[in-house]
Asker: 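Got a structure for you, questions after.
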Amino acid sequence: MPGCRARPRAGAEPDDPLRPPLPGPGAAMPPPPRGTPARTARVSRCLSFSACHRLHSKSLSDEENLKLFGKCNNPNGHGHNYKVVVTVRGEIEPTSGMVINLMDLKEYMQEAILEPLDHKNLDKDVAYFADVVSTTENVAVYIWENLQKRLPVGTLYKVKVYETDQNIVVYKGEETTLEK
């Protein structure tokens, strides 16, 4: 049986020594030539945590809170199994082939998300939420700020928090909003 052979490039004779065949399936591609612009990529990692909270603003009366937050203002609180997707971006480092070592990202997420939030009452156990309403928007901001302290500068791209399958918040850091 004949050996596997890559197809020759268009216009090249099959045995032309000046025009080598394209690499076959699974063959390593040569590295990009020097001076080629760096390649960038986005890398995401997911985790889940469970926490309870009560949506309640100290700036509003009990009646206003109940009207605004409904059953989520229950004095006993309620819980969620949150899912978080953290996305970083950067240049693909030529030697490692990575934007970030996923083991490092896992550790940063453990420190910034799981340790402070998992199986906690956000309003009572997390100092950040003592004066900040524990909405999913503010949970995303909290996670962003905690990750920013750990990740290399400029690599954090996006934090996506699923409170439920239907309620999802995406936060990309401070963005300018138009004045009303």
Asker: Let's go through Val159 and Leu147 carefully: what are the C-alpha distance in whole Å and the side-chain angles of both, what is the deciding distance for side-chain contact (heavy atoms from CB on, under 4.5 Å) to 0.1 Å, and is it a yes or a no?
Answerer: CA-CA 9 Å; Val159 170; Leu147 284 168; 4.2 Å; yes
Asker: For the residue pair Ser134 and Leu55, establish whether any side-chain heavy-atom pair is separated by less than 4.5 Å.
Answerer: yes
Asker: Please confirm whether the backbone N or O of Glu93 pairs with a side-chain atom of Glu91, one donor and one acceptor, at under 3.5 Å?
Answerer: no
Asker: Would you indicate whether the side-chain heavy atoms of Thr87 and Val43 approach each other to under 4.5 Å?
Answerer: no
Asker: Would you give the length of the straight line joining atom OH of Tyr108 to atom CD of Gln148, rounded to the nearest 0.5 angstrom?
Answerer: 12.5 Å
Asker: Please list all pairs meeting ring-ring contact (aromatic ring centres under 6.0 Å, His included) that have one or both residues in residues 133-156, counting only residues at least two apart or in different chains.
Answerer: Tyr128-Tyr142, Phe129-Tyr142, Trp144-Tyr171
Asker: Could you tell me which non-hydrogen atom of Ser50 sits nearest to which non-hydrogen atom of Asp118, and how far apart they are?
Answerer: N-OD1, 2.9 Å
Asker: How far does NZ of Lys67 sit from CG of Asn65, to the nearest 0.5 angstrom?
Answerer: 12.5 Å
Asker: Can you find a pair of side-chain heavy atoms, one from Val141 and one from Glu145, that are under 4.5 Å apart?
Answerer: yes
Asker: Taking the side chain as C-beta and beyond, is there a heavy-atom pair between Arg45 and Val86 under 4.5 Å?
Answerer: no
Asker: Taking a hydrophobic cluster as the set of Ile, Leu, Val, Met, Phe, Trp and Tyr residues connected by side-chain heavy atoms closer than 4.5 Å, whether directly or through intermediates, do Val126 and Phe49 fall within one such cluster?
Answerer: yes
Asker: Kindly indicate whether the side chain of Pro116, heavy atoms from C-beta on, has any atom under 4.5 Å from the side chain of Asn146.
Answerer: yes
Asker: Distance-only, no hydrogens or angles: does the Lys120 side chain make a donor-acceptor pair with backbone N or O of Glu115 under 3.5 Å?
Answerer: yes
Asker: Does any non-hydrogen side-chain atom of Lys160 lie less than 4.5 Å from one of Ile168?
Answerer: yes
Asker: Please say whether the positively charged group of Arg42, taken as NZ for Lys or CZ for Arg, lies over the ring of Tyr157, i.e. under 6.0 angstrom from the six-membered ring centre and within 45 degrees of the axis.
Answerer: yes
Asker: Check the pair Val85, Val161 against side-chain contact (heavy atoms from CB on, under 4.5 Å), reporting the backbone distance first and the verdict last.
Answerer: CA-CA 7 Å; Val85 181; Val161 180; over 6 Å; no
Asker: Under 4.5 Å between side-chain heavy atoms, counting indirect links through other Ile/Leu/Val/Met/Phe/Trp/Tyr residues: same cluster for Leu114 and Met109 or not?
Answerer: yes
Asker: Just do the side-chain contact (heavy atoms from CB on, under 4.5 Å) check on Cys46 and Lys83 with the steps written out, would you?
Answerer: CA-CA 7 Å; Cys46 305; Lys83 177 183 171 187; 4.2 Å; yes
Asker: If you round to the nearest 0.5 Å, how far is CG of Leu68 from CD of Glu63?
Answerer: 13.0 Å
Asker: If you measure from CG on Leu47 to CD on Gln110, what distance do you get to the nearest 0.5 Å?
Answerer: 8.5 Å
Asker: Which pair of heavy atoms, one from Tyr82 and one from His53, lies closest together, and at what distance?
Answerer: OH-NE2, 3.6 Å
Asker: Could you check whether any side-chain N or O of Asp123 sits under 3.5 Å from a backbone N or O of Arg54, counting only pairs where one atom can act as donor and the other as acceptor?
Answerer: yes
Asker: Starting at NZ of Lys106, measure out to CD of Glu111 and round the result to the nearest 0.5 Å.
Answerer: 12.5 Å
Asker: Is there side-chain contact between Tyr162 and Val169, with heavy atoms separated by less than 4.5 Å?
Answerer: no
Asker: Would Leu117 end up clustered with Val133 when hydrophobic side chains under 4.5 Å apart are linked, directly or stepwise?
Answerer: no
Asker: Donor-acceptor pair, distance only, cut-off 3.5 Å: does the side chain of Asn167 make one with the backbone of Glu163?
Answerer: no
Asker: Could you give me the CA-CA distance, side-chain angles and deciding distance for Ile143 and Val84, then say whether side-chain contact (heavy atoms from CB on, under 4.5 Å) is met?
Answerer: CA-CA 9 Å; Ile143 291 170; Val84 181; 3.9 Å; yes
Asker: Would you say Asp62 and His56 make side-chain contact, with heavy atoms under 4.5 Å?
Answerer: yes
Asker: Working to the nearest 0.5 angstrom, can you tell me the gap between Cys72 SG and His78 NE2?
Answerer: 4.0 Å
Asker: Would you say Met98 and Leu156 are hydrophobically clustered, going by side-chain heavy atoms of ILVMFWY under 4.5 Å?
Answerer: no
Asker: For the hydrophobic clusters of this structure (ILVMFWY residues joined by side-chain heavy atoms under 4.5 Å, transitively), does one cluster hold both Ile113 and Val170?
Answerer: no
